[in-house]
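Take a look at the structure below.
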There are 2 protein chains.
Amino acid sequence: MNRTLRMTHQREIILAELQRSKTHPTADELYERIKKKLPRVSLATVYRNLEILSEAGLIKKLEISGRQKRFDWDPGEHDHVYCVRCQRVDNIETDAPAPSVASAQEQGYRITGCRIEFFGLCPKCLQQQKNKPSKGERAMACPSCTTPTLSETQRQVLEALANTSEACGSKELAAATGLESKQVSCQLTALKNKGLVDSPIRCKYAITEQGKSILS
Amino acid sequence: MNRTLRMTHQREIILAELQRSKTHPTADELYERIKKKLPRVSLATVYRNLEILSEAGLIKKLEISGRQKRFDWDPGEHDHVYCVRCQRVDNIETDAPAPSVASAQEQGYRITGCRIEFFGLCPKCLQQQKNKPSKGERAMACPSCTTPTLSETQRQVLEALANTSEACGSKELAAATGLESKQVSCQLTALKNKGLVDSPIRCKYAITEQGKSILS
DNA sequence: AAGTATATGAGAACTATTCGCATGTCAAGG
DNA sequence: CCTTGACATGCGAATAGTTCTCATATACTT
């Protein structure tokens, strides 16, 4: 009835690869690395084994703050910091006493443990933020900095905007593109959120550098 | 450039509904409740507004341990307990000092906050666990106790098993069902994991009570 | 009242993860 | 050394939770 764990080749590699990593990788970061040594592994196997190994207590599963799970080769007690920007997770040392179970008023709960997470910006993201002060609040809105993809309509609007020398209103753009003005203003909002367009004067729009570069 | 928040009807209702809840609901628990007052709302609206409201600081988003996000009408500082079994989340009071930012050795991080979560079993789940001592370790393996669904092949195997008076081997079952023995043993494993079948003697299988009940 | 900025509804898309099944492999026993 | 059954794997499909897209509707500002 109680299963016996078998140490298969893939399991060994997965464990080894995790143990050599200084950070706390996600399942698919590991998968990418493992594929180099074991080109035929399946992502499911990686997930499965990480799960199994952590149930067996050989590693630890970190379920930090809503995002992907991460895995820790060190199953001992320790706390973590994570970067709210790039999601990186590191160990952290604290000299505060761990809040004991006794210290909490457990209204009827049977408490079995406690997790402490710090969060903030990692050194790298801190650096980046200093370099580009990120005009306005926009940077916050868009967590990932990947190149945005444009819908057909958005491209049309953006191109029209690229052809004007000065900021112009949505009506002119509607005329230039042949689209309805409702549509245009809606697309402009989307483009603005992506940082491809900005609005130097209320209700006037201009293409940004980023907007130009995406067209080429 | 800086957006203005509009207090729309749906936003009001969402906020009101969250504020009246004693627990910390997930987005779609809220959605279900809100639909009763506002039948045409869309789930996306609920998500969007919860996000916006929490950015605005009117409510708080709880990203606890890997599962769904939950929302808290109280944006003030406080800690939480959650049930590892049913995922319920409650507030918890602790008399331990909050680990200050200073107490952590932030290797290059700029730390902006800290989160403390306790976990364990909530009163309800504690009760349930006492009532059924859950034979063996099986309960651990299957976190959710929902009725499992059977594939066609599994049902065949299970039915064959129901027709035998004693435990039997996979070969006999293969003969009885007309399936290949490989398939049968594979399905047996699946069925065993679901608790519908057990193996009183090594390599002999029998249907469990639960298995019988699922066939009817 | 007009016009712009914002918000919404509906459903598609996306991401991270798990499942189902056929097939492969290991270890023990005849 | 060959079978057998337990345990593993690869693959693709399924799922859950959440976000995005776009047309349309609504709230503010002037």
Side-chain angles (χ1 to χ4, degrees), chain A residues 1-11 14 26-28 31 38-52 63 66-70 142-144 148-154 169-171 179-190 192-194 199 202-205, chain B residues 1-11 14 26-28 31 38-52 63 66-70 143-144 148-154 169-171 174 179-190 192-194 199 202-205:
Chain A
M1 199 110 242
N2 57 343
R3 316 297 205 72
T4 64
L5 256 210
R6 228 174 240 174
M7 192 42 78
T8 61
H9 192 46
Q10 7 310 61
R11 214 163 268 178
I14 290 172
T26 61
D28 70 32
Y31 173 60
L38 219 54
R40 297 184 43 81
V41 272
S42 112
L43 179 58
T45 299
V46 174
Y47 271 105
R48 245 184 320 232
N49 283 317
L50 288 171
E51 189 65 41
I52 287 170
E63 317 201 42
R67 288 211 127 270
Q68 285 139 285
K69 289 170 189 155
R70 288 174 176 273
C142 157
S144 75
T149 54
L150 296 181
S151 69
E152 200 34 54
T153 328
Q154 286 171 354
S170 65
K171 241 180 177 173
L179 296 165
E180 278 190 84
S181 82
K182 273 182 191 172
Q183 274 195 52
V184 172
S185 83
C186 182
Q187 303 310 335
L188 281 170
T189 307
K192 211 172 65 176
N193 286 335
K194 292 182 183 176
S199 166
R202 194 172 184 283
C203 311
K204 295 281 180 183
Y205 300 91
Chain B
M1 199 108 238
N2 56 344
R3 317 296 205 73
T4 65
L5 257 210
R6 240 177 229 174
M7 192 42 76
T8 61
H9 192 48
Q10 3 318 57
R11 214 161 271 177
I14 290 172
T26 62
D28 67 32
Y31 173 59
L38 220 55
R40 295 182 46 80
V41 272
S42 114
L43 179 58
T45 299
V46 173
Y47 271 104
R48 245 185 321 231
N49 283 316
L50 288 170
E51 190 65 41
I52 287 170
E63 317 201 43
R67 289 208 126 270
Q68 286 138 287
K69 289 170 188 155
R70 288 175 177 271
S144 76
T149 53
L150 296 181
S151 69
E152 201 33 55
T153 329
Q154 287 171 355
S170 68
K171 240 182 179 171
L179 296 165
E180 279 190 83
S181 81
K182 273 181 189 173
Q183 274 195 52
V184 172
S185 83
C186 181
Q187 302 313 335
L188 280 170
T189 307
K192 211 172 67 176
N193 285 335
K194 293 181 184 177
S199 166
R202 194 173 184 282
C203 311
K204 295 282 180 184
Y205 298 91

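All values reported here derive from a predicted model rather than from experimental measurement. Residue numbers begin at 1 in each chain, while the letters A, B, ... track the order of the sequences.
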request  = Decide yes or no on side chain to side chain contact (heavy atoms under 4.5 Å, CB included) for A:L50 and A:K69, but give the supporting numbers first.
outcome  = CA-CA 10 Å; A:L50 288 171; A:K69 289 170 189 155; over 6 Å; no

key: First of B:H9 and B:A44 reached from the 5' end of DNA chain C, by closest nucleotide   = B:H9

note = When every non-hydrogen atom of B:Y31 is compared with those of B:S42, the smallest separation belongs to CE1-C, 3.7 Å

message = Using every non-hydrogen atom in the two residues, find where B:I14 and B:V46 come nearest and quote the distance to one decimal.
response = CD1-CA, 3.9 Å

Any A:T45 side-chain N or O less than 4.0 Å from OP1/OP2 of D:dG10 = yes

ask   = If you pin B:M7 and B:T26 to their nearest nucleotides in DNA chain D, which one's is more 5'?
value = B:T26

ask   = Between D:dT9, C:dG9, D:dT18, which nucleotide gets closest to the side-chain atoms of B:L43?
value = D:dT18

ask   = Expressed in angstrom and rounded to an integer, what is the separation of A:L38 atom CG from D:dA8 atom P?
value = 16 Å

query = Hey, is the side chain of B:K69 poking within less than 4.0 Å of OP1 or OP2 on D:dT19, counting only N and O atoms?
reply = yes

key: d(CD, A:Q68; P, D:dT19) in whole Å   = 14 Å

ask   = Whole-Å distance between D:dG17 P and B:L50 CG?
value = 15 Å

ask   = Expressed in angstrom and rounded to an integer, what is the separation of B:I52 atom CD1 from D:dC20 atom P?
value = 12 Å

query = Is a donor-acceptor pair below 3.5 Å formed from side chain B:R6 to base D:dC28, judging by atom type as modelled?
reply = no

task = Give a yes/no on whether any side-chain N or O of A:Q10 is located under 4.0 angstrom from OP1 or OP2 of D:dG10.
result = yes

ask   = Given side chains that start at C-beta, do those of A:I52 and A:R11 come closer than 4.5 Å, heavy atoms only?
value = yes

Closest to side chain of B:Y47, choosing from D:dG10, D:dG17, C:dG9 = D:dG17

ask   = Base, sugar-phosphate alone, or nothing: which one does A:R40 contact when heavy atoms must sit under 4.0 Å apart?
value = sugar-phosphate

query = Roughly, in whole Å, what's the span from CD in A:E51 to C1' in D:dT9?
reply = 17 Å

Which atom of B:Q68 lies closest to which atom of B:T26, heavy atoms considered = NE2-CG2, 3.7 Å

Side chain of A:R48 - closest among C:dT8, D:dT18, C:dG20 = C:dG20

key: Closest nucleotide among C:dA10, D:dT19, D:dT9 to the A:R11 side chain   = D:dT9

key: A:T8 side chain near D:dC7 phosphate (N/O to OP1/OP2, under 4.0 Å)   = no

